[in-house]
Amino acid sequence: MSEFKTFACCSAASVRHQRKPAIRIAGAALAMLFVLGPAQADEATEYAELMGNTVTSVTKARAIVDVCDERFPDSRIARSDFMAGWAHVVDLPTYDQVLAAAIAAYDGLGTELDAYAMSAREEVATAIEADASPCHDLAQELNEEMLDLASSIRSLSRNAEDFGIEIAEAPAPAFEAHELGVMPLATLWTRSLAVMEAIGTKASAEDNRHLREAREEYLLQWLEAQGQLHLRGRIVSDDELREWRGDWQSSLEASCSDFATERDKNLFAAGLGTDVVITGSPRWVLEQRVGGVINLGDCRVSNAKPTNGAPAIDDSAGLMLRPLEFTEAFASPNAGLAMNQVDRVLYAADFANRIDGFGNGYIDRQEDIYVLLRDGTAYRHEWDFAFTDLNVGLSRQREPERWFTWSDHWGKVMLVRSGGLDQGEEIDLSEAQRLVPMPADQRLEGAFYYLQIASGGARSDREYVFSADGTVTYTRGGFIAGNFAGSFITVVPGDEAPQRLTYRFENFTMIIDGPDGQERHFFAMIDGGDPASPEELLIRGQVYWEREEE
């Protein structure tokens, strides 16, 4: 027969509490009966002490929230959001299961815990009366011991059976299944946002990754309860499905981690630009600053039937402006920003050598081109063609985050973002370099190369070789490249010599007369360089360096 022994855990405070947080409360005193053999005494004492310290931490946290909600009801939502993320990290559902099982296993424990909770609440109320700062910054009060508490709860759950605590299996979330049918992606994300509000608000989740993860987990459970999903959208890349509605697109992206058959995989790969229905089982969810991603497994692909009428619900919350496509952004030659509107063109670059998670070295290459206009506005240009060919009206409408106002006070050049999510953001361009166009009659001679080592060790090299006779060849990765911004230089690799195509300059444009017609590409040099012998060039928004002769 095993011997019955009683252990009292009366830890006044854990080591964590000795770091002098704003609120200190007496430790939980837990009188717990354990069924033990003599050799188990030390282990039982340790387990009981861990239980007492954990109860102390959780009881304090919940007491703070309760008292603060009573005293400051206007900030109740913010505290609820924080606690949802905190509870997700420390795994409060598991803690509650362990405690409920311990109460069932040991007579009198429930009564003792109720009394402790009341006394703890009184201590917290007194502390907050003297200093209410924890009500306005729960993170400072509770985050210090968050990870330790998560570890303690895992340990309590893992070892519970050794001390006669039988934890019941956690009940599955009781979600109601709906007949969703074929869901447009914007409609599904609108419903998803409403589902996640049960955990916490979207606004708080933007700055609280713990809350965001809790929302994602809850949404995934809800989606799984619906069974297979049937999502309607347009294939816009190798692994991306979005819904298009004129100038708008779904802020939700759907992707497939695997396909039911090779045929489905091939249909998706070949369907770029077409509307389809993807059927699959939800695998994971990612909430982003704007929109999110729902990944499906075992995907099947079928043609999407035409739709008539408005969506079943107002799903505008699931829409975002659709980025411009090349054919939309390109107006026509010289139909964009006129040169007489331009005050200056600036180039800001940052090159840093970094190491990825696998130990590979790579170059973090950030390059931005800003066109500052004489009317006090500015534009960040990211297209292959020059800003003089830009569809300015559509850009202002569909790319508001690329537009700014600017000022220059004694050489300090500041931009203020005019639109988009980061409206009002300031950017200092005081250290940026000026770009100037190549003279129209200039001819270059020499090779200019681009090199980028990306994370994972992927290497991208390109090279332009200019000749004084007004011709240029372009190579990539050690072989003759094809397809350049839609067409340009198409050459069969091998022993055949690359084609030499004619070029000329017009403001910030290099014009190539290729086999498929005229190609227009952004081209500039750093102010102060020698046009006849530049050391670096800006081509299509990226810097190319002069290759020295070996």
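Because the structure is a prediction, the values reported are computed rather than measured. No hydrogens, no waters, no symmetry mates; every other heavy atom, side chains included, goes into these values.
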Quick one: does any side-chain atom of [X] pair with a main-chain N or O of [Y] as donor and acceptor, under 3.5 Å?
X	Y	value
Asp428	Met414	no
Glu243	Ala186	yes
Thr274	Gly271	yes
Arg245	Leu319	no
Gln226	Trp222	yes
Ser157	Ile153	no
Thr59	Val55	yes
Thr377	Leu373	no
Arg232	Val277	no
Trp248	Met320	no

Rounded to the nearest 0.5 Å, how far apart are [atom1] of [X] and [atom2] of [Y]?
X	Y	atom1	atom2	value
Leu252	Asp315	CG	CG	11.5 Å
Arg242	Ile235	CZ	CD1	14.0 Å
Met83	Leu92	CE	CG	6.0 Å
Leu220	Glu224	CG	CD	4.0 Å

Checklist entry - Is the closest side-chain donor-acceptor distance between Arg79 and Ser75 under 3.5 Å? => result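 Their side chains do contain a donor-acceptor pair, which is all the 3.5 Å distance test asks for.
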Checklist entry - Is there a donor-acceptor contact under 3.5 Å linking the side chains of Asn295 and Ser257? => result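 Distance-only check passes for Asn295 and Ser257.
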Checklist entry - Should the pair Trp403 and Tyr379 be assigned to parallel (<30°), tilted (30 to 60°) or perpendicular (>60°) ring geometry? => result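 If you compare the ring of Trp403 with that of Tyr379, the planes turn out tilted.
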Item to check | Phe404 and Tyr370 aromatic ring geometry - parallel, tilted or perpendicular at 30°/60° bounds | outcome: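 Tyr370 vs Phe404 ring planes: perpendicular.
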Within a 6.0 Å radius of atom [atom1] on [X], are there more than 12 heavy atoms belonging to other residues, nucleotides or ligands?
X	atom1	result
Asp238	CG	no
Leu272	CG	yes
Glu431	CD	no
Glu328	CD	yes
Gln228	CD	yes

Next on the checklist: Going by salt bridge (Lys or Arg N to Asp or Glu O under 4.0 Å), name the residues that satisfy it together with Glu287, two or more places apart in sequence or in a different chain.
Outcome noted: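 By the salt bridge (Lys or Arg N to Asp or Glu O under 4.0 Å) rule, Glu287 matches Lys202, Arg215.
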Taking all non-hydrogen atoms of both residues into account, name the closest pair between [X] and [Y] and its distance.
X	Y	result
Gly200	Asp81	CA-OD1, 3.1 Å
Ala317	Ser251	O-OG, 4.3 Å
Glu145	Ser57	OE1-OG, 3.4 Å
Tyr47	Leu156	OH-O, 2.7 Å
Ala168	Gln97	O-NE2, 2.8 Å
Ser316	Thr190	N-OG1, 4.5 Å

Next on the checklist: Applying side chain to side chain contact (heavy atoms under 4.5 Å, CB included) to Leu229 and Met183, what does each step give before you reach the verdict?
Outcome noted: CA-CA 8 Å; Leu229 301 178; Met183 291 283 285; over 6 Å; no
Next on the checklist: What verdict does the salt bridge (charged side-chain N to carboxylate O under 4.0 Å, His left out) test give for Glu123 and Lys60, after you've listed the backbone C-alpha separation in whole Å, the side-chain angles of each residue and the deciding distance to 0.1 Å?
Outcome noted: CA-CA 9 Å; Glu123 291 185 52; Lys60 181 187 77 169; over 6 Å; no
Item to check | CA sep, side-chain torsions, deciding dist, call: Arg62, Asp96, salt bridge (charged side-chain N to carboxylate O under 4.0 Å, His left out) | outcome: CA-CA 12 Å; Arg62 286 174 165 168; Asp96 289 332; 3.1 Å; yes
Next on the checklist: side chain to side chain contact (heavy atoms under 4.5 Å, CB included), that's the test. Do Gln249 and Leu185 meet it? Break it down for me.
Outcome noted: CA-CA 9 Å; Gln249 68 175 6; Leu185 292 181; over 6 Å; no
Checklist entry - Between Tyr95 and Val90, does a side chain to side chain contact (heavy atoms under 4.5 Å, CB included) hold up when you go through it step by step? => result CA-CA 8 Å; Tyr95 165 82; Val90 305; over 6 Å; no
Next on the checklist: As a quick check of understanding, evaluate salt bridge (charged side-chain N to carboxylate O under 4.0 Å, His left out) for Arg154 and Asp91, giving each step before the final call.
Outcome noted: CA-CA 8 Å; Arg154 286 194 299 270; Asp91 196 2; over 6 Å; no
Checklist entry - Which of these, Arg402, Arg380, Arg289, sits in a salt bridge (Lys or Arg N to Asp or Glu O under 4.0 Å) with Asp422? => result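 Single pass found, and it is Arg289.
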Next on the checklist: Checking Trp86 against Leu138 for the side chain to side chain contact (heavy atoms under 4.5 Å, CB included) test, could you report, in this order, the C-alpha distance in whole Å, the side-chain angles of both residues, the deciding distance, and whether it holds?
Outcome noted: CA-CA 10 Å; Trp86 190 84; Leu138 273 176; over 6 Å; no
